[in-house]
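Notes for the one structure printed next.
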Amino acid sequence: MDRDIIRRAQDGDHDAFEALAIGVSGRLYAVARLILRDTHLADDAVQETIVTIWRRLPTLRDPDRFEAWAYRLLVNACADAASRRTRMTAEVRLLPRATASDDTASQLADRDVLERGFRHLRPEQRTVVVLHHYLGLTATEIADITGAPTGTVKSRIHYATAALRAALEADERGPAAAAGGGR
Amino acid sequence: MSAPRDPDVRIQQWLVGEAPNDIPHHVLSAALDRTRTLPQERSIGGRGLRGRVRLDRRRTLMLVAALVPVLFALAVGAGALRTPAPTVTPPASVLDDLRRDGRVRIAVRPDHPQSPLSGVATGFDTDVATALADRLGLQPDLVIEDVSTMLGPDRGTWDLALPSTPDWLIDDAAFAHSAPYYRWTHRLVVPAASAASSIADLAGGPICAVAGDPTETWLRGGYGGASASPAATSIVTRATDADCLAALTAGDAIGAVTAHLSDADISVIGEFRVIGGPDAEPRSVVVRRPADPGADPGDLLAAVDDAIGAMRADGTLTQLSERRFGGADLTGP
């Protein structure tokens, strides 16, 4: 991120803030959609995050930490959105699937299995999975964003990833077992 | 083309495939529209987010302009002039700060007394947190945190916390807590066929407790400030209530103290009989004590106590307890 743009936005320059928001919003939106698995909740979470970034930007002391700080606000907004989903369980709906013409059959199968496995994870586990496997952040960086101790983050990454791996492996054993039984 | 077999690569590939390429225009433009009419927050004195005085730029300038003549008069007067006594700025109020935001972050733990529903924790504390925020006139932002994080050295990322842990385990130096909003009952159970009628009959032991739970402390002495164990008996520990009951069934223990099972749970299982247990464990709402003499959480705590009192008086707490704990009201004062 451009330090000058951040400084100007901190001083109340709204044009600079717009440039900043345009630069970061795509990644924020992708992360929110992956964590929440719900378009409307992701829309709300990202809007709240952008508004909060604007309001609180003058309190950010180190512009080099802007991106981590923005992700922290987003993670909090996603937790808030997830709690709203708890109160609106009846309204939760499945996301429409994106078209993926070059998907192989196995990738399509992965998608179903991982989608189901992911939905069984707790919100904080989903968050670390997205931050670690999608953004490629380390446990220390995730700890900085989520406010959880590094050891807790490592544990969440371990157990969440293990759950997804187990879902994939169980899915593979299913067809294999069926094939073996026919011999 | 076949999919890679490395599970981590497959997880990463799935996430990348599921992520949208960009933010929808209407989402970004709506957010930017909102920021055009909102002032930015400014901090004075470089204090933390929650404890700071929030003023926009115009109000800051007005404040400075108002303070200059006062400071000048104080400087040149030096007692010769009868200047008004300087008023001591009261510490910022945490409650006022939250009410300016209109929101309150309330931490609840992901496990007991919550349970996962559709992948999201829901339960008694989430219900109480929502009702409490409503009584405070604030919009709740529920934060799901492990107790170790919530009450740990970093003290979590919340304004109010419902750790559902006994009051006596809360560090008084770092936190203050409300009056209890419920009291959890731990039960000493034996197999239905056992002749034991009190803990004294289990002196031979062993009695099973969930490792690290306050009930282990009860058996060893020290529960709620007690200095002695309730009976001289040997103790075995297991990871969960279910493991303790399994030990009871297998004959590896002759009694067990429940950590998280309600009376309704025990009744449903049906193979065990309650013969006692420690006094009910008081559980309260927690606020942080300020790290510096800045924001004062006293008014927030008083408002929480008032809200709990009102929810108890009008039956809200009872209703929530009975709904979540199999008809039991654990919310007596």
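Letters go in sequence order (proteins before strands), and every chain restarts at 1.
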Does Glu18(B) come within less than 4.0 Å of Arg37(A), counting only side-chain N to carboxylate O?
-> yes

First locate atom CD of Gln12(B), then atom OG1 of Thr161(A), and finally report the distance between them rounded to the nearest 0.5 Å.
-> 11.5 Å

Considering non-hydrogen atoms only, spot the tightest contact between Gln47(A) and Ala30(B) and give its length.
-> NE2-CB, 3.5 Å

Applying salt bridge (charged side-chain N to carboxylate O under 4.0 Å, His left out), run through Arg165(A) and Asp6(B) and close with a yes or a no.
-> CA-CA 9 Å; Arg165(A) 283 186 197 136; Asp6(B) 180 348; over 6 Å; no

Rounded to the nearest 0.5 Å, how far apart are CG of Leu168(A) and CZ of Arg10(B)?
-> 4.5 Å

With the side chain counted from C-beta on, respond yes when Val129(A) and Leu15(B) share a heavy-atom pair under 4.5 Å apart, and no when they do not.
-> yes

If you tally heavy-atom pairs under 4.5 Å against chain B, which of Val51(A), Ile50(A), Leu28(A) wins?
-> Val51(A)

Do you know which two heavy atoms are closest between Asp22(B) and Tyr29(A), and how far apart they sit?
-> O-CD2, 3.8 Å

Walk me through it: do Leu38(B) and Trp54(A) pass the test side-chain contact (heavy atoms from CB on, under 4.5 Å)?
-> CA-CA 8 Å; Leu38(B) 277 176; Trp54(A) 164 252; 4.1 Å; yes

Is the shortest distance from a Lys or Arg side-chain nitrogen in Glu48(A) or Arg103(B) to a carboxylate oxygen in the other one below 4.0 Å?
-> no

Take Leu32(B) and Phe17(A) through the test side-chain contact (heavy atoms from CB on, under 4.5 Å) and record every step on the way to the result.
-> CA-CA 9 Å; Leu32(B) 291 176; Phe17(A) 176 71; 3.8 Å; yes

Which pair of non-hydrogen atoms, one from Thr35(B) and one from His14(A), has the smallest distance, and what is that distance?
-> OG1-NE2, 2.7 Å

Considering all heavy atoms, the nearest Thr149(B)-Gly147(A) contact | CG2-O, 4.0 Å

Verify the neighbour count for atom CG of Asp62(A): are there more than 12 heavy atoms of other residues, nucleotides or ligands below 6.0 Å?
-> yes

Examine whether an atom of Glu18(A) lies under 4.5 Å from a heavy atom of chain B, and if so say whether it belongs to the side chain, the backbone or both; otherwise answer neither.
-> both

Take His133(A) and Trp14(B) through the test side-chain contact (heavy atoms from CB on, under 4.5 Å) and record every step on the way to the result.
-> CA-CA 10 Å; His133(A) 289 290; Trp14(B) 170 70; over 6 Å; no

Side-chain contact, heavy-atom cut-off 4.5 Å: Leu114(A) with Gln13(B)?
-> no

So do Leu142(B) and Asp80(A) actually touch side chain to side chain, heavy atoms under 4.5 Å?
-> no

Taking all atoms of both residues into account, what is the closest heavy-atom pair of Gln40(B) and Gly12(A), and its distance?
-> OE1-CA, 3.1 Å

Heavy-atom distances under 4.5 Å only: say whether Ser25(A) touches chain B with side chain, backbone, both or neither.
-> both

Pick one of side chain, backbone, both or neither for Val31(A), based on which atoms fall under 4.5 Å of a heavy atom in chain B.
-> neither

Identify which part of Leu34(A) has an atom lying under 4.5 Å from any heavy atom of chain B, answering side chain, backbone, both or neither.
-> side chain

Charged N to carboxylate O below 4.0 Å: is that the case for Arg122(A) and Asp111(B)?
-> no

Please flag which part of Val143(B) lies under 4.5 Å from any non-hydrogen atom of chain A: side chain, backbone, both or neither.
-> neither

